[in-house]
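Structure, as structure tokens:
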Amino acid sequence: MKEIKRDLEKFAAEKFDLIIVGGGIYGIMLLLEAVRRGLKPLLLEKEDFCGKTSHNHLRTVHGGLRYLQSLDLFRFRDSIKERRWFLKYFPEFTGVLPCLMPLYNKGIYRKSVFRIGLPVNDILSFDRNFSVSREKHLPGGKVLSKEKTIELFPSVDTNELKGGMVWYDGCLTEFQGFYIAALKLAVQMGAKALNYVEAVGLIRQNDEVSGVKGKDRESGKEFAFNAPVVINACGPWSRDTAGIFEKDYPRLFKKRKLLWNVLFDREALSSHALGLRSKAGFVYFFHPWKGRLLVGSPEKLVEKSEAETVAPFQKMEEFIRDINEIVSGLGLEYKDILRVYPGVLPAEPDGSFSGRPAFIDHHKNGGVKGLYSISGVKFTTARLESDRVLGRIFRHKKAISYDEMLSKKEICCHSMAYDWQPNGEDDLEILKKIIKEESVVHLSDLILRRTSLGDNPPRALAILAKIRSLFDWDNKKWDEEVDLLRKQLREGFPNQKPRGAGNR
Ligand SMILES: Cc1cc2nc3c(=O)[nH]c(=O)nc-3n(C[C@H](O)[C@H](O)[C@H](O)COP(=O)(O)OP(=O)(O)OC[C@H]3O[C@@H](n4cnc5c(N)ncnc54)[C@H](O)[C@@H]3O)c2cc1C
């Protein structure tokens with residue numbers, strides 16, 4: 001299998017068909033869609049691949065149940081199609097997520113509504129399992145009795161409980177593995193990808209794009225990369241990048257909503273993911289992540305100047321209070337927080353989440369020819385949106401099918417249980433291969449973004465001595481790398497250290 005190489009000088013001497021700026025899920029899906037069309041793309045990511053918003057989501061590959069409520073059939077069908085894409089083509093990294101919502105017959109959350117709503121959802125998603133392997137099939141939804149609801153979720157609040165509803169979604173069981181598998185697939189097909197290279201300027205010839213100036217954040221050197229097309233896929237930074245390249249486009253990200261998920265040092269409350277409503281009516285999602293308790297996603301509108309990746313202390317306190325109220329006896333405290341996963345998503349002027357990605361052809365807006373920007377709203381539909389974007393830019397390029405693309409490719413998956421430890425040479429070999437093949441520049445790349453080791457911080461820190469020999473760094477460099485890892489494990493956490501991240 002081909003390696004992801006950081007060969008900046010060589011790439012600067014090549015001519016690419018397009019340069020994608022931003023290596024989150026949108027950047028990687030654009031890369032995949034580009035090679036599917038026989039194009040030669042280059043990806044530039046200023047930090048590590050998928051280390052920002054795309055690291056911090058709730059890992060749910062959404063079907064469209066929620067879009068039925070607003071009768072948004074277009075989004076509903078897009079989600080069904082893309083959920084199938086994940087389950088069909090990347091079964092190693094995806095799973096079936098049974099979800100349960102207890103019903104108290106309040107508002108629309110009543111058994112009578114879902115006795116109709118769930119069959120409608122199943123009918124409109126009739127093709128959800130087409131050519132998906134049987135073990136990844138999503139069963140139809142159902143309304144449950146009170147007794148069955150209690151059986152599935154023993155600590156449910158039984159006061160006025162009428163029953164529950166169950167539906168099935170997809171989830172990314174190994175999201176780091178999925179990203180790197182998709183990236184390696186694109187690289188096998190001719191793409192190049194550079195982490196720790198920041199796009200610092202657009203190169204133009206007359207009024208047309210001819211490339212991007214990239215700064216290697218490791219060496220500080222600048223390089224000119226050549227291509228007639230540039231796509232800015234910088235997520236929450238897409239307006240900044242548009243500003244650097246040409247000018248700011250406010251509609252790329254009208255308002256900014258900070259939201260975050262928290263991994264608690266507790267066992268999951270049920271084998272099912274739980275949708276539970278607070279007294280104020282906010283629905284929290286409890287994802288049984290590798291058997292642990294991952295809860296999201298409180299939200300807050302933020303100004304650009306506010307620290308974007310830090311969950312506000314007061315909001316975090318409210319969040320923990322809410323959860324303790326919803327599940328009595330849970331008694332969560334700050335010290336139970338293992339990781340905080342924050343991110344910023346685009347919102348509308350009224351504060352609601354933006355429902356659709358924003359796409360800008362800069363030339364059509366009076367700007368430079370060959371420059372495009374996209375800002376997306378979900379990782380679930382990132383592949384489809386990328387397909388649409390490239391379909392518009394490279395109208396005459398025919399794409400091969402994913403069946404064809406994946407039939408000859410080798411996909412490698414290292415699924416790691418929550419308590420997995422490298423014991424013995426074979427396990428160390430796995431990590432060694434990742435370091436060699438997957439552009440691991442820092443220790444934190446390996447722990448947080450090539451494997452799921454960092455999703456269990458105490459374990460991640462405990463194994464450091466075992467993996468020290470895999471890096472040929474001197475002690476000073478090693479200590480710096482450990483400090484960087486600790487810092488990243490604490491990212492998003494307000495004022496206090498997550499458990500396990502404090503002791504070396
Ligand atoms: C808490 C939370 C929960 C979520 N849950 C779900 C969910 O369950 N299901 C779902 O489908 N979606 C979910 N989402 C939404 C989803 O995560 C995002 O829509 C998606 O990850 C956005 O990807 P992106 O590539 O646009 O942005 P990012 O992942 O942020 O990628 C942008 C990249 O651009 C890079 N960059 C910026 N400037 C430059 C530059 N000058 N040069 C080079 N690189 C640059 C950044 O470093 C970054 O890596 C959730 C989001 C959040 C925050």
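Counting convention: from 1, in listed order, for ligands and their atoms alike.
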Will you find, in the side chains of Asp350 and Ser352, an N or O donor that is under 3.5 Å from an N or O acceptor?
yes

Give yes if a backbone or side-chain nitrogen or oxygen of Cys50 is under 3.5 Å from a nitrogen or oxygen of ligand 1, and no if not.
no

Provide, to 0.1 Å, the distance between atom 36 (N) of ligand 1 and the closest protein heavy atom, together with that atom's residue and name.
Cys234 SG, 3.8 Å

More than 12 heavy atoms of other residues, nucleotides or ligands under 6.0 Å from NZ of Lys290: is that the case?
yes

Please test Asp216 against Leu194 for side chain to side chain contact (heavy atoms under 4.5 Å, CB included), starting from the C-alpha separation and ending with a verdict.
CA-CA 9 Å; Asp216 178 10; Leu194 290 168; over 6 Å; no

Inspect the surroundings of NZ in Lys40 and state if more than 12 heavy atoms from other residues, nucleotides or ligands are less than 6.0 Å away.
yes

Please confirm whether Lys315 makes a cation-pi placement over Trp260, using NZ or CZ under 6.0 Å from the six-membered ring centre and within 45° of the ring normal.
no

N or O contact, Glu198 vs ligand 1, cut-off under 3.5 Å
no

side-chain hydrogen bond (donor to acceptor under 3.5 Å, both in side chains) against His362, all qualifying residues, sequence neighbours excluded
Glu246, Ser373

Taking distance alone, with no angle check, do Lys46 and ligand 1 share an N/O pair under 3.5 Å?
yes

Using a 4.0 Å heavy-atom cut-off, say whether Val377 meets ligand 1 through its side chain, its backbone, both or neither.
backbone

As an exercise, identify every atom of ligand 1 less than 4.0 angstrom from a heavy atom of Leu44.
43 (C), 44 (N)

Looking only at heavy atoms, is any part of Trp237 under 4.0 Å from ligand 1, and if so is it the side chain, the backbone, or both, or is it neither?
side chain

Can you list the ligand 1 atoms lying under 4.0 Å from a non-hydrogen atom of Asn261?
1 (C), 2 (C), 3 (C)

Element-labelled atoms of ligand 1 that are located less than 4.0 Å from some non-hydrogen atom of Gly24
25 (O), 29 (O), 31 (O), 33 (C)

Is Glu47 in polar range of ligand 1, meaning some N or O pair under 3.5 Å apart?
no

For Asp455, what residues pass the salt bridge (charged side-chain N to carboxylate O under 4.0 Å, His left out) criterion, not counting sequence neighbours?
Arg59, Arg339

Presence of salt bridge, Glu218 and Arg6, under 4.0 angstrom:
no

Taking atom NZ of Lys15 as the centre, report whether more than 12 heavy atoms of other residues, nucleotides or ligands fall under 6.0 Å from it.
yes

Nearest non-hydrogen protein atom, atom 28 (P) of ligand 1:
Thr53 OG1, 3.5 Å

Kindly confirm or rule out an N or O of Phe379 lying under 3.5 angstrom from an N or O of ligand 1.
yes

Could you tell me whether Asp48 and ligand 1 have an N or O pair separated by under 3.5 Å?
no

Provide the number and element of each atom of ligand 1 under 4.0 Å from a heavy atom of Arg59.
8 (O)

What is the closest protein heavy atom to atom 21 (O) of ligand 1, and at what distance does it sit?
Ser54 OG, 3.0 Å

Looking only at protein heavy atoms, identify the closest one to atom 47 (O) of ligand 1 and say how far it is in Å.
Glu45 OE2, 2.7 Å

Is it the case that atom NZ in Lys88 sees more than 12 heavy atoms from other parts of the structure closer than 6.0 Å?
yes

Contact check: Asn56 vs ligand 1, nitrogen or oxygen atoms, below 3.5 angstrom:
no

Quick one: nearest non-hydrogen protein atom to atom 17 (O) of ligand 1, plus distance?
His57 CB, 3.4 Å

Check this for me - ligand 1, Gly51, N or O atoms closer than 3.5 angstrom, yes or no?
no

Can we call the ring centroids of His272 and Phe286 under 6.0 Å apart?
no

Below 6.0 angstrom between ring centroids: does that apply to Phe11 and Phe223?
no

One finds that the ligand 1 atoms under 4.0 Å from a non-hydrogen atom of His62 are 7 (C), 8 (O), 9 (N), 10 (C), 11 (O)

Less than 6.0 angstrom from the centroid, inside 45 degrees of the normal: does Lys247 satisfy that with respect to the ring of Tyr249?
yes

Ligand 1 to Gly343, heavy atom cutoff 4.0 Å, flagged ligand atoms 53 (C)

So, His442 versus Glu480: side-chain donor-acceptor pair below 3.5 Å or not?
no

Relative to ligand 1, is Pro236 under 4.0 angstrom through side chain, backbone, both or neither, heavy atoms considered?
side chain

Without swapping roles, check the side chain of Arg128 against the backbone of Leu138 for a donor-acceptor pair under 3.5 Å.
yes

Going by atom types alone, do Asp78 and Thr381 pair a side-chain donor with an acceptor below 3.5 Å?
no

Report yes if Tyr26 has an N/O atom closer than 3.5 Å to an N/O atom of ligand 1; otherwise report no.
yes

Report the nearest protein non-hydrogen atom to atom 5 (N) of ligand 1: residue, atom name, distance rounded to 0.1 Å.
Leu58 N, 3.0 Å

Quick one: look at Leu345 and ligand 1, take heavy-atom pairs under 4.0 Å, and tell me if it's side chain, backbone, both or neither.
side chain

Which residue and non-hydrogen atom of the protein lie closest to atom 8 (O) of ligand 1, and at what distance in Å?
Thr60 N, 3.2 Å

With atoms numbered from 1 as shown, which atoms in ligand 1 lie under 4.0 angstrom from a non-hydrogen atom of Ala199?
40 (C), 41 (N), 42 (N), 43 (C)

Atoms of ligand 1 under 4.0 Å from any heavy atom of Lys52, numbered from 1 in the order shown, are 30 (O), 47 (O), 48 (C), 49 (O)

of all protein heavy atoms, closest to atom 11 (O) of ligand 1 is Thr380 OG1, 2.7 Å

